[in-house]
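Worksheet: one structure, shown below.
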Number of protein chains: 2
Amino acid sequence: MSNYETMSLEHYANLLRALSNPHRLQVFQLLSGCCEAGTPCRSDQVLSRCVGDLDQQLEIASSTLSHHLRELHHAGLIDMQRRGKQIFCSVNPDAQSQLRQVLDTISPLNTRPEVTHDR
Amino acid sequence: MSNYETMSLEHYANLLRALSNPHRLQVFQLLSGCCEAGTPCRSDQVLSRCVGDLDQQLEIASSTLSHHLRELHHAGLIDMQRRGKQIFCSVNPDAQSQLRQVLDTISPLNTRPEVTHDR
DNA sequence: CCTATATTTCGAAACATGTCGAATTATGAA
DNA sequence: TTCATAATTCGACATGTTTCGAAATATAGG
């Protein structure tokens with residue numbers, strides 16, 4: 001409503017809110033194709049999974065998963081697209097870059113003590 | 001409780017939860033000394049502010065601010081230290097790096113902006 | 001049309017959150 | 001000790017979240 005800063009403050013808080021639930025965070029991680037600690041990240045393709053696929057990994061009622069997917073979708077974090085009987089979910093890449101922006105607001109990169117040297 | 005992944009999943013979700021409220025996010029930003037978009041970031045020093053100082057910027061009852069500060073503190077995101085009548089808050093740098101870790105889990109750096117047209 | 005499968009919507013219960021003002025505690029100073 | 005200032009705790013209230021199972025909707029295939 002008021003100014004730009006307030007807008008983005010609320011907007012950013014909203015993004016974080018959508019990821020502040022363990023189940024939603026897990027879904028988003030799965031869709032990001034990532035990345036156990038230490039494991040090489042291979043997200044060179046857009047991942048998408050149907051709802052039932054996600055359902056199998058989450059040990060919650062499918063109605064509950066559906067609710068969480070709606071939250072992620074409303075926050076603009078994921079896209080959902082029907083293909084036949086199934087609905088496929090994928091990360092919205094725009095949202096990913098917004099997430100990086102919030103973090104820059106909060107955890108500046110120039111905190112790094114040393115600069116890496118390329119050869 | 002269960003395994004490592006679940007633990008950190010919950011832990012990360014907790015960090016995000018603590019920042020998912022606009023007022024708490026704003027406080028954390030103020031303490032990070034950051035960084036309007038486009039402005040060069042000058043957080044080469046640890047910022048700390050007393051509670052009353054923060055109170056002036058937030059248009060909420062001081063009891064409400066106190067509640068939010070407790071949340072941030074319990075999540076391990078900020079440190080609080082009494083100095084005379086006042087209590088000074090500062091960002092916990094360890095938490096900042098944990099935040100960066102969550103983000104790497106969610107928004108991998110090796111995401112290619114352009115599609116590779118390989119054969 | 002009928003049926004099986006995939007997913008969402010609904011209704012309800014239990015629990016958590018954000019907010020305030022009033023009362024309380026902690027500290028330093030007169 | 002008494003007072004003023006800084007901050008927290010308490011009690012209350014309204015609102016939001018998480019979860020489930022049951023019912024509803026959508027789709028593809030006989």
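Letters go in sequence order (proteins before strands), and every chain restarts at 1.
Note on A:Asn21: every side-chain N or O is 4.0 Å or more away from OP1 and OP2 of D:dT17.
Among residues two or more places apart in sequence or in another chain, the side-chain hydrogen bond (donor to acceptor under 3.5 Å, both in side chains) test is passed with A:His68 by A:Arg24. Under the side-chain hydrogen bond (donor to acceptor under 3.5 Å, both in side chains) criterion, A:Asn92 pairs with no residue at all, not counting sequence neighbours. Residues meeting the side-chain hydrogen bond (donor to acceptor under 3.5 Å, both in side chains) test with A:Gln98, sequence neighbours left out: A:His11, A:Asp94. Evaluation of the ring pair (Phe, Tyr, Trp, His ring centres under 6.0 Å) rule for B:His67 yields no partner, not counting sequence neighbours.
Under the 4.5 Å side-chain criterion, counting only non-hydrogen atoms from C-beta, A:Ile78 is not in contact with A:Ser90. The shortest side-chain heavy-atom distance between A:Asp53 and A:Leu30 does not fall under the 4.5 Å cut-off. Two residues are said to be in side-chain contact when any heavy atoms from C-beta on lie closer than 4.5 Å; A:Leu31 and A:Leu77 fail this criterion.
When rounded to the nearest whole Å, the span between CD of A:Gln81 and P of D:dA26 equals 18 Å. One interatomic measurement links the two molecules: NE2 of A:His23 to P of D:dT18, which rounds to 10 Å at whole-angstrom precision.
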Q. What one-letter contact string describes nucleotides 6-16 of chain D from 5' to 3', where B marks a base within less than 4.0 Å of any protein heavy atom, S marks contact via sugar-phosphate atoms alone, and - marks no contact?
A. SSBB-------

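Between A:Gly84 and A:Arg24, it is A:Arg24 whose nearest contact on DNA chain D lies nearer the 5' terminus.
Along DNA chain C, read 5' to 3', the first and last nucleotides having any atom under 4.0 Å from a heavy atom of chain B are C:dT17 to C:dG28.
Using a 4.0 Å heavy-atom distance criterion, A:Asp55 is classed as making no nucleic acid contact.
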Q: Check the pair B:Gln101 / B:Tyr12 against side chain to side chain contact (heavy atoms under 4.5 Å, CB included), numbers first and verdict last.
A: CA-CA 9 Å; B:Gln101 273 176 252; B:Tyr12 286 147; 2.9 Å; yes

